[in-house]
Number of protein chains: 2
Amino acid sequence: MTVTLADVAARAQVSPATVSRVLNGNYPVAAATRERVLRAVDELDYVLNGPASALAAATSDLVGILVNDIADPFFGIMAGAVQSEIGGPGGRAGGERMAVVCNTGGSPERELTYLTLLQRQRAAAVILTGGAIEDAEHADAIAGKLRRLTEAGTRVVLCGRPPSPDTDAVALTFDNRGGGRRLTDHLVNLGHRRIGYIAGPEERTTTRHRLEGHRAALAARGVPDDPALTVHGPYDRRSGYDATDELLRRAPDLTAVVAANDTVALGACAALRDKGLRIPDDVSVAGFDDLPFSIDAVPALTTVRLPLHEAGARAGRIAMSKEKPPPGGVATVHGELMVRGSTAGPR
Amino acid sequence: MTVTLADVAARAQVSPATVSRVLNGNYPVAAATRERVLRAVDELDYVLNGPASALAAATSDLVGILVNDIADPFFGIMAGAVQSEIGGPGGRAGGERMAVVCNTGGSPERELTYLTLLQRQRAAAVILTGGAIEDAEHADAIAGKLRRLTEAGTRVVLCGRPPSPDTDAVALTFDNRGGGRRLTDHLVNLGHRRIGYIAGPEERTTTRHRLEGHRAALAARGVPDDPALTVHGPYDRRSGYDATDELLRRAPDLTAVVAANDTVALGACAALRDKGLRIPDDVSVAGFDDLPFSIDAVPALTTVRLPLHEAGARAGRIAMSKEKPPPGGVATVHGELMVRGSTAGPR
DNA sequence: CTGTTAGCGCATTCAA
DNA sequence: TTGAATGCGCTAACAG
């Protein structure tokens with residue numbers, strides 16, 4: 001029914017082995033023979049059987065990318081950047097690699113399940129994006145999986161996530177703490193003292209690091225850290241909206257709101273606007289990540305720019321061994337404070 | 001080195017076939033035996049070999065999703081929705097399908113290449129999202145590929161794309177024409193006569209259909225269609241910015257701008273603002289898609305809401321045969337006009 | 001309900 | 001430079 005390599009071999013009057021060799025281009029084949037084979041491939045409209053090839057060669061050309069939410073541009077940008085680097089030469093069978101994007105939804109179980117699925121596919125590489133879940137048991141489970149993956153020859157790269165100890169995974173970590181510190185520093189410099197903080201979901205490294213940076217900045221300037229001014233919530237717009245309502249209720253005197261990320265900040269802006277508060281005149285707002293839409297917010301959002309595309313591309317290159325891993329297997333990627341119209345001095 | 005199904009069989013003192021059966025859960029197996037096998041799997045930390053399994057069963061659990069740009073929430077939302085529907089029913093690692101997201105960047109060649117790659121992987125299903133490229137030769141090539149895919153047992157679903165003739169592909173088409181018509185109708189109703197139109201890239205069905213809707217609305221109301229008022233460009237913010245500058249230069253008297261999509265509309269807003277023009281007082285602006293950020297634009301963007309999540313989910317279910325295809329294999333998905341603050345009567 | 005027997009389609013030895 | 005032979009790890013008849 002479907003045409004196989006043997007069919008091509010028959011048509012080209014060579015052995016199946018020879019066809020395999022020209023297709024993979026790893027062995028020397030006479031130009032004339034190659035021509036004949038290629039023509040047969042074309043005439044028969046032959047398409048290599050991936051699974052069979054992967055089974056025989058014990059490797060596949062699939063690259064796994066774990067993301068929390070592919071609908072969120074934060075992850076979409078990284079995933080796209082990875083994609084752009086995993087094609088090209090170096091691979092077998094035309095060197096074309098395919099990205100398997102796995103939406104974990106932030107769930108620890110799904111993270112593990114997908115890792116197992118990727119292991120099952122004998123993925124060439126796996127890239128984990130986004131912050132890690134802070135649970136010792138889960139971290140161990142993940143580390144175990146990663147170890148088994150690397151043992152099986154799968155390259156593992158963490159992109160925007162802290163290193164996984166006792167693991168050969170290369171880590172490209174975002175400096176969330178430093179970014180958070182600079183952001184709050186900026187607000188304190190402007191004269192703010194009552195700063196609401198809408199943190200991300202609890203038990204995640206990203207949340208904790210950004211919050212630690214915030215608190216470090218406050219502490220460094222002797223600004224009291226009122227626990228009532230911190231609210232946790234998911235990384236979405238609604239969370240920003242609701243949390244802002246809550247903060248305003250708890251502390252009507254606040255003069256600034258720092259959000260876990262830009263999406264949350266947009267929700268915060270909406271809540272303030274709906275309350276008749278002007279930005280930044282009445283309340284300043286700041287985000288994190290500098291997603292593409294942030295510059296179009298009105299006023300434009302002050303935020304910390306994370307080089308998502310660059311980081312994703314680098315992770316992809318390292319996964320493909322096109323670039324050598326950073327010394328020690330760990331590199332820190334810094335964010336840049338983008339001061340825009342949404343922040344100003346307190347009224 | 002790596003543990004195989006035979007190892008598990010040996011440890012559980014059953015035949016490999018039995019292990020395969022409990023793992024796939026398709027045949028009846030005695031509870032006691034199943035227990036023993038599962039225990040052995042656990043103790044040996046066994047992970048099924050996907051390629052081998054796919055080879056033997058002649059099917060894989062990979063589902064391909066073609067998108068123009070995964071960093072664009074328009075595609076990210078659909079991809080995420082598809083993902084959420086392709087997982088298996090059970091929580092166990094059986095029946096779990098994985099999504100292979102392919103970024104075509106809108107390039108015809110890459111579209112074909114990815115289709116071939118997916119065919120090579122023996123993908124269980126393929127879902128193509130976004131508008132089609134309007135080139136007869138390319139359309140034929142695509143149709144040929146799709147035909148070969150379905151012949152090989154791969155289910156093909158088009159999501160937000162017109163039907164592909166002479167093909168078994170199920171199509172969930174967006175009513176871009178109707179949406180475009182309603183949007184411009186709304187503006188004409190408000191009293192606008194000089195409406196700039198920033199169209200998407202040429203030679204794409206989405207672009208053409210939205211533009212046709214726009215022109216149909218103008219024609220129906222007897223509003224002259226000045227060719228100078230239409231500018232083409234890619235689906236990005238910058239295009240919206242530049243095109244608006246250009247439109248303003250060509251027609252300083254325009255009172256409204258309709259953009260190809262929300263992202264482009266955001267760029268248009270920025271350009272107007274930079275020129276000191278107020279929205280909607282001086283110029284009204286409308287977008288298309290109703291992406292999440294559109295409601296947070298200031299003023300909130302009037303646009304046409306496309307049920308991206310629902311459409312993606314439905315495409316996923318049809319691809320997985322969880323839902324039966326629409327009669328005739330074609331269904332039209334309608335958009336809803338969302339009137340918000342960015343449009344008002346002309347000054 | 002379970003074991004036996006054959007391949008699935010290809011990559012890779014080993015010879016020639 | 002090429003061909004023949006072997007096995008990758010698993011599923012699917014077919015018996016029993």
Side-chain angles (χ1 to χ4, degrees), chain A residues 1-38 40-41 44-61 91-95 117 119-122 124 152-153, chain B residues 1-38 40-41 44-61 93-95 119-124 152-153:
Chain A
M1 196 62 244
T2 72
V3 27
T4 74
L5 189 144
D7 300 328
V8 176
R11 196 162 207 322
Q13 293 176 306
V14 296
S15 73
T18 300
V19 176
S20 173
R21 293 197 260 254
V22 341
L23 256 29
N24 289 299
N26 296 331
Y27 288 76
V29 173
T33 313
R34 160 198 265 35
E35 271 316 305
R36 215 142 28 88
V37 170
L38 255 22
V41 165
L44 262 37
D45 209 18
Y46 169 70
V47 174
L48 191 70
N49 183 317
S53 170
L55 173 58
T59 62
S60 85
D61 26 359
R92 305 182 3 269
L117 252 30
Q119 181 183 356
R120 170 188 299 187
Q121 296 296 340
R122 305 300 189 253
Chain B
M1 198 60 244
T2 74
V3 28
T4 75
L5 190 143
D7 299 328
V8 175
R11 196 165 207 324
Q13 294 175 305
V14 295
S15 74
T18 299
V19 177
S20 173
R21 291 196 264 254
V22 341
L23 256 28
N24 290 301
N26 296 334
Y27 289 77
V29 173
T33 314
R34 161 197 258 50
E35 272 314 308
R36 214 141 31 89
V37 170
L38 254 23
V41 165
L44 263 38
D45 208 21
Y46 169 70
V47 175
L48 190 71
N49 184 319
S53 167
L55 173 58
T59 62
S60 85
D61 34 6
Q119 181 183 357
R120 169 186 301 185
Q121 297 296 339
R122 304 303 188 253

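By convention in this document, chain letters (A, B, ...) are assigned in the order of the sequence lines, proteins followed by strands, and residues within each chain are numbered from 1.
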Asks: Let me know the distance between CG of A:Asn26 and P of D:dT1, rounded to the nearest Å.
Replies: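 So the CG-P distance, A:Asn26 to D:dT1, works out to 15 Å.
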
Asks: Find out whether A:Asp7 and A:Tyr46 are in side-chain contact, i.e. whether some heavy atom of one side chain is under 4.5 Å from a heavy atom of the other.
Replies: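 No, every pair of side-chain atoms sits at 4.5 Å or beyond.
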
Asks: Counting side-chain heavy atoms from CB outward, which of D:dT1, D:dT11, D:dA4 is closest to B:Leu5?
Replies: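 The answer is D:dT11, which lies nearest to the side chain.
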
Asks: Taking for each residue the nucleotide of DNA chain D bearing the nearest heavy atom, is the 5' side occupied by B:Arg21 or by B:Ala52?
Replies: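 Its nearest nucleotide being more 5', the pick is B:Ala52.
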
Asks: Can you figure out which of D:dT2, C:dC10, C:dC1 approaches the side chain of B:Ala30 most closely?
Replies: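 Selected nucleotide: C:dC1.
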
Asks: Write down the distance between CG (A:Asp61) and P (C:dC10), rounded to a whole number of angstrom.
Replies: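 Those two atoms, CG and P, are 14 Å apart.
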
Asks: Considering only C:dC1, D:dA4, D:dT11, which nucleotide approaches the side chain of A:Ser15 most closely?
Replies: D:dA4

Asks: Roughly, in whole Å, what's the span from CG in A:Asp7 to P in C:dG9?
Replies: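 It works out to 9 Å between those atoms.
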
Asks: Can you figure out which of C:dT13, C:dT4, D:dT11 approaches the side chain of B:Ala17 most closely?
Replies: C:dT4

Asks: Measure the distance from CD on B:Gln121 to C1' on C:dC10 and round it to the nearest whole Å.
Replies: 14 Å

Asks: Could you walk me through whether B:Arg120 and A:Asp61 pass the side chain to side chain contact (heavy atoms under 4.5 Å, CB included) test, one step at a time?
Replies: CA-CA 11 Å; B:Arg120 169 186 301 185; A:Asp61 26 359; 4.1 Å; yes

Asks: Would you say A:Asn49 and B:Gln121 are linked by a side-chain donor-acceptor pair, where the criterion is simply a distance under 3.5 Å?
Replies: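 No, no side-chain donor-acceptor contact under 3.5 Å.
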
Asks: Which nucleotide in the set D:dG3, D:dT11, C:dG9 lies at the smallest distance from any side-chain heavy atom of B:Ser53?
Replies: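 When the side chain of B:Ser53 is considered, D:dT11 is the closest of D:dG3, D:dT11, C:dG9.
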
Asks: Measure the spacing between CG of A:Leu23 and OG1 of A:Thr18 and express it to the nearest 0.5 Å.
Replies: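 A:Leu23 atom CG to A:Thr18 atom OG1 measures 11.5 Å (nearest 0.5 Å).
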
Asks: Which residue lies toward the 5' end of DNA chain C, B:Ala57 or B:Val14, if each is placed at its nearest nucleotide?
Replies: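 The answer here is B:Val14.
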
Asks: Using whole Å, report how far CG of B:Leu48 lies from P of D:dG9.
Replies: 12 Å

Asks: Any idea which of C:dT4, C:dT13, D:dG9 is nearest the B:Ala56 side chain?
Replies: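 Taking heavy atoms from C-beta onward, the closest nucleotide is D:dG9.
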
Asks: Rounding to an integer number of Å, can you tell me how far B:Arg36 CZ sits from C:dG3 C1'?
Replies: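 Rounded to whole Å, this separation is 13 Å.
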
Asks: With heavy-atom distances below 4.5 Å as the criterion, would you say the side chains of B:Val22 and B:Val14 are in contact?
Replies: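 No; the side chains remain at least 4.5 Å from each other.
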
Asks: With the side chain of A:Thr4 defined as its heavy atoms from C-beta on, choose the nearest nucleotide among D:dA4, C:dG9, C:dT4.
Replies: C:dG9

Asks: Looking at D:dA12, D:dT2, D:dT1, which one has an atom nearest to any side-chain atom of A:Thr18?
Replies: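 It is D:dT2.
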
Asks: Report the distance from atom OH of A:Tyr27 to atom C1' of C:dA11, rounded to the nearest whole Å.
Replies: 8 Å

Asks: Between C:dA11, C:dT2, C:dC8, which nucleotide has the shortest distance from any of its atoms to the side chain of B:Leu55?
Replies: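 My answer, after comparing the listed nucleotides, is C:dC8.
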
Asks: Could you check how far CG of B:Asn49 sits from P of D:dG7, rounded to whole Å?
Replies: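 Checked: the CG to P distance equals 18 Å.
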
Asks: Given C:dC1, is OP1 or OP2 found less than 4.0 Å from the side-chain N or O atoms of B:Thr33?
Replies: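 Indeed not, no polar side-chain atom of B:Thr33 lies that close.
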
